[in-house]
Amino acid sequence: MRIDAISIFPSYFDVLEVSLLGKARLAGLIDVRVHDLRDWTHDRHRTVDDTPYGGGAGMVMKPEPWGEALDAIATDSESRPVFIFPSPAGEVFTQAKARELATAEHLVFGCGRYEGIDERVFDYAAELGEVRLMSIGDYVLNGGEVAVMAMIEAIGRLIPGVVGNPESLVEESHEDGLLEYPSYTKPSLWRGREVPPVLLSGNHGAVDTWRRDQQVIRTRERRPDLLAD
Ligand code: JDH
């Protein structure tokens with residue numbers, strides 16, 4: 001998979017080198033290219049923002065540098081890319097959408113800042129590929145970079161050969177819509193706290209039942225919305 005990220009703060013993506021995805025990158029499974037949007041400006045101050053038409057607070061990202069950036073990356077692509085623009089007004093990015101996007105050949109992430117990007121950029125990008133506006137959740141960030149890091153990590157670990165332990169993905173793929181059960185490791189007694197004895201019993205049936213019960217209890221407690229249906 002090829003991934004491009006366009007940002008005015010490209011150094012946000014430096015840690016991709018050392019994360020889980022660093023190995024996938026070395027193995028040639030993911031080709032990540034980070035671009036500074038200001039490389040597609042032409043004025044002395046490398047301007048990427050301007051005041052909003054219609055008035056209001058803050059600044060909006062100008063369309064021209066985005067148009068040149070998208071053209072350059074699409075021209076350099078072997079397929080029609082999927083353009084993902086993180087946005088507080090986007091569809092919610094879920095595990096199901098991460099799975100869908102993990103099958104794409106080429107993802108291009110456009111990281112906005114300020115109050116966001118001139119709307120015409122999304123219309124234009126739709127002439128070059130598929131366009132998705134996506135939100136990572138109902139809270140407000142200052143820009144798209146942190147959202148894109150989260151999406152790259154979620155998508156990247158689903159690409160075959162990326163995760164070290166394939167069994168952990170098999171377990172996840174059941175996607176039963178419940179929270180996970182609690183995990184424990186040695187020592188069996190730590191600071192006065194015991195590991196639940198069933199986990200030391202060697203009774204695998206009892207372990208499975210206990211874990212499923214814990215999933216339901218925690219889901220009811222913390223995420224009753226998941227149990228609605
Ligand atoms: C991309 C810029 C900052 C903040 C709201 C302001 C009307 C618009 N889950 C998520 N939360 N936030 C983002 C995200 C935030 C972004 C950008 C993603 C680009 N920002 C920003 C607040 C608003 N808006 C103007 N008012 C007139 C309300 C942009 C995100 C994701 N993914």
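Note that ligands are numbered from 1 as they come in the structure, with each ligand's atoms numbered from 1 the same way.
- Atom 11 (N) of ligand 1 has its closest protein heavy atom at Tyr139 O, 2.7 Å.
- Each of Val92, Val148, Leu141 was scored for a side chain to side chain contact (heavy atoms under 4.5 Å, CB included) with Ile136, with one residue passing: Leu141.
- The proximity of Ser135 to ligand 1, defined as any non-hydrogen pair under 4.0 Å, involves the side chain as well as the backbone.
- Ion pairing between Arg2 and Asp4 holds under the 4.0 Å rule for side-chain N and carboxylate O.
- Looking only at protein heavy atoms, the nearest one to atom 1 (C) of ligand 1 is Pro86 O, 3.1 Å.
- In Glu105, the CD atom is not crowded: 12 or fewer heavy atoms of neighbouring residues, nucleotides or ligands sit closer than 6.0 Å.
- Of the charged side-chain nitrogens involved, none lies within less than 4.0 Å of a carboxylate oxygen, so that Lys62 and Asp43 do not count as a salt-bridged pair.
- Close N/O approach between Met134 and ligand 1 is found [any backbone or side-chain N/O within under 3.5 Å].
- The protein atom (non-hydrogen) at minimum distance from atom 27 (C) of ligand 1 is Glu115 OE1, 4.5 Å.
- Closest heavy-atom approach to atom 3 (C) of ligand 1 among the candidates Ile84, Ile136, Leu141: Leu141.
- Enclosure of atom CZ in Arg46 by more than 12 non-hydrogen atoms of other residues, nucleotides or ligands within 6.0 angstrom is indicated.
- Of the protein's non-hydrogen atoms, the one nearest atom 2 (C) of ligand 1 is Tyr114 O, 3.4 Å.
- Classification of Arg80 and Glu127 as a salt-bridged pair fails, no side-chain N sitting under 4.0 Å from a carboxylate O.
- Salt bridge annotation for Lys97-Glu91: present, with a cationic side-chain nitrogen under 4.0 angstrom from a carboxylate oxygen.
- In this structure, Ser201 contributes its side chain and Asn203 its backbone to a donor-acceptor pair below 3.5 Å.
- Under 4.0 Å from ligand 1, the heavy atoms of Asn142 that appear belong solely to its backbone.
- A salt bridge links Asp76 and Arg33; the closest N-O separation between the charged side-chain nitrogens and carboxylate oxygens is under 4.0 Å.
- Nearest to atom 23 (C) of ligand 1 among the protein's heavy atoms is Pro88 CG, 3.9 Å.
- Residue, atom and distance of the protein heavy atom nearest to atom 22 (C) of ligand 1 are Val140 CG1, 3.5 Å.
- When non-hydrogen atoms are compared, ligand 1 lies under 4.0 Å from neither the backbone nor the side chain of Ala57.
- Protein heavy atoms are absent from the space less than 4.0 angstrom from atom 7 (C) of ligand 1.
- Of the options Phe93, Phe122, Phe109, a ring-ring contact (aromatic ring centres under 6.0 Å, His included) to Phe85 is made by Phe122 and by none of the others.
- The distance from ligand 1 to the heavy atoms of Ala147 drops below 4.0 Å at these ligand atoms: 31 (C), 32 (N).
- Protein heavy atom nearest atom 16 (C) of ligand 1, with residue, atom name and distance: Gly143 CA, 3.7 Å.
- Of the N or O atoms in Gly137, one or more lie within a sub-3.5 Å distance of an N or O in ligand 1.
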